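First the structure, in the form of structure tokens, and then the observations on it.
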Protein chains: 2
Amino acid sequence: MARTAYHHGDLYQQAHEQALAIVREQGDSAISLRALARQIGVSTPALYRHYADRESLLAELAISGFQTLRQHLLAVDQQDSRSALIGIGLAYVAFAREEPNLYRLMFGGRVLPRGAHPRLDQAGLAAFQVLEDTVANGQQRGYLKAAPLALLTAAAWSLVHGLSQLTIDGHLPGPDTEPQLAAGITALLLDGSIERSSKEPTP
Amino acid sequence: MARTAYHHGDLYQQAHEQALAIVREQGDSAISLRALARQIGVSTPALYRHYADRESLLAELAISGFQTLRQHLLAVDQQDSRSALIGIGLAYVAFAREEPNLYRLMFGGRVLPRGAHPRLDQAGLAAFQVLEDTVANGQQRGYLKAAPLALLTAAAWSLVHGLSQLTIDGHLPGPDTEPQLAAGITALLLDGSIERSSKEPTP
DNA sequence: CATGCAATGTTAACGGCGTTAACTTTGGCA
DNA sequence: TGCCAAAGTTAACGCCGTTAACATTGCATG
């Protein structure tokens with residue numbers, strides 16, 4: 001099918017793919033339903049049969065983004081706790097660097113507010129879960145402190161998320177030194193930043 | 001002046017103020033030059049005498065955002081290194097929580113790319129500088145490790161920036177527990193996350 | 001096999017937007 | 001006093017998202 005030129009094109013899939021390509025290359029603000037329809041060779045309102053509005057289309061793109069991010073995180077070797085945690089950090093930042101525009105869409109907040117697209121929230125949670133599992137694992141193995149899981153996870157996520165954001169926005173030194181930076185920063189969160197001989201030890 | 005209804009209104013200032021109010025309340029995507037001009041009671045192209053385009057107007061708003069952020073960070077007590085660092089973290093996240101829409105504009109990346117508005121870059125750098133100075137101070141006092149300043153600063157900034165972003169986007173537990181979370185997370189970066197008895201100590 | 005319906009397209013239109021061109025008013029300075 | 005540059009105006013271009021009203025078609029049901 002997809003021949004008859006009227007009915008039965010796989011418009012949903014095609015729109016998704018082409019829009020994803022545009023977002024990856026030019027960012028979400030470059031998505032125009034009219035231009036997208038033109039590019040596919042269909043009338044603009046046809047898109048509304050498959051997507052409620054522009055934002056819903058973007059939400060679908062963000063969902064696929066979270067899914068691939070999750071895959072990247074799942075691929076990290078979990079044998080050793082320390083290298084698993086650092087590996088997660090590296091993989092996370094690497095994803096952001098490879099797909100900056102997609103990453104910005106996923107975490108923009110402005111374009112896709114939480115709660116408006118349940119499936120999107122769920123996809124984000126699923127990716128986050130991989131990180132949380134890794135942290136919980138590190139705790140169970142006795143490698144990480146017995147601090148509240150939510151606290152440790154939030155710290156880890158904040159760190160990698162912030163680093164990703166700062167990196168893709170060019171706030172940090174060149175991308176050449178980036179992987180070392182990510183590894184070094186993750187290690188800092190694990191080992192701490194204070195000099196051991198200091199007067200104020202771990203509370 | 002500002003009477004004659006033709007010339008000499010302080011249009012620049014008024015536009016800045018009203019636009020800032022809109023961004024704070026509804027986010028940058030709610031800014032429309034036409035609506036703004038209408039609200040002020042002036043023709044749309046008049047705005048172009050003072051702002052090159054919509055993005056330049058937004059850049060000015062972001063600049064004021066960075067300036068107030070900097071003031072908040074400068075107000076942190078610097079007596080004790082540890083509480084100075086935690087205080088900076090708390091102040092940073094508090095600002096993001098008070099001005100989520102402005103914060104998103106400042107760090108959106110998508111709307112205001114680095115390099116396009118030099119004064120904006122400079123304002124961001126000035127705010128960042130406060131954090132870097134605090135870290136450098138902590139090092140000089142021997143409280144922080146002698147790791148590369150850029151590394152320590154990037155870690156601290158990533159952490160608070162990521163936490164801010166996740167917080168205002170609703171990815172973390174309710175805002176009630178937020179201040180403790182911020183303090184706890186900052187402390188984690190200082191003290192480390194690993195159990196002291198673990199086999200892999202600080203490299 | 002015919003037919004009716006739901007799914008999926010279409011064209012036409014509304015109101016909004018950012019931006020530019022061409023023109024007008026006006027305050028201040030030579 | 002006269003002129004010029006700054007700061008305002010109207011008119012227009014070409015986009016955009018979205019909706020209403022209508023057309024085509026595949027499929028399931030009688």
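Residue numbering restarts at 1 for every chain, and letters A, B, ... go by the order of the sequence lines. Keep in mind that this is a model prediction, so the values were computed, not measured.
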All side-chain contact (heavy atoms from CB on, under 4.5 Å) counterparts of Tyr48(A), not counting sequence neighbours: Leu33(A)
Closest-nucleotide ordering on DNA chain D, the 5'-leading residue of Ser32(A) and Arg49(A):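 Here Ser32(A) is the residue nearer the 5' end.
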Strand contacts (DNA chain C) in residues 14-31 of chain B, 4.0 angstrom heavy-atom criterion: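 Only Ile31(B) qualify.
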Pair Gln71(B), Gln67(B): side-chain N/O donor-acceptor within cut-off below 3.5 Å: no
Set of residues satisfying salt bridge (Lys or Arg N to Asp or Glu O under 4.0 Å) with respect to Glu99(A), sequence neighbours excluded: Arg24(A)
Positions of residues 34-46 of chain A (non-hydrogen atom under 4.0 Å from DNA chain D), listed by number: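 Of all residues in residues 34-46 of chain A, the ones placing a heavy atom under 4.0 Å from DNA chain D are Arg34(A), Ala35(A), Arg38(A), Thr44(A), Pro45(A).
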Nearest heavy atoms of Ile168(B) and Arg104(B), plus distance in Å: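 Closest approach of Ile168(B) to Arg104(B): O-NH1, 3.7 Å.
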Distance-minimising heavy-atom pair for Gln139(A) and Lys145(A): NE2-O, 2.9 Å
All pairs passing ring pair (Phe, Tyr, Trp, His ring centres under 6.0 Å) where residues 13-33 of chain B contributes a residue, at least two apart: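 Sorted result for residues 13-33 of chain B: empty, none.
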Nearest-0.5 Å distance, CG of residue Leu172(B) to OG of residue Ser158(A):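 With rounding to 0.5 Å, CG (Leu172(B)) is 5.5 Å from OG (Ser158(A)).
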Under 3.5 Å donor-acceptor pair, Arg54(A) side-chain atoms to dG17(D) base atoms: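 Such a pair does not exist between side chain and base.
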Phosphate contact (dA6(D) OP1 or OP2) by His50(B) side-chain N/O below 4.0 Å: no
All pairs passing salt bridge (charged side-chain N to carboxylate O under 4.0 Å, His left out) where residues 135-144 of chain B contributes a residue, at least two apart: none
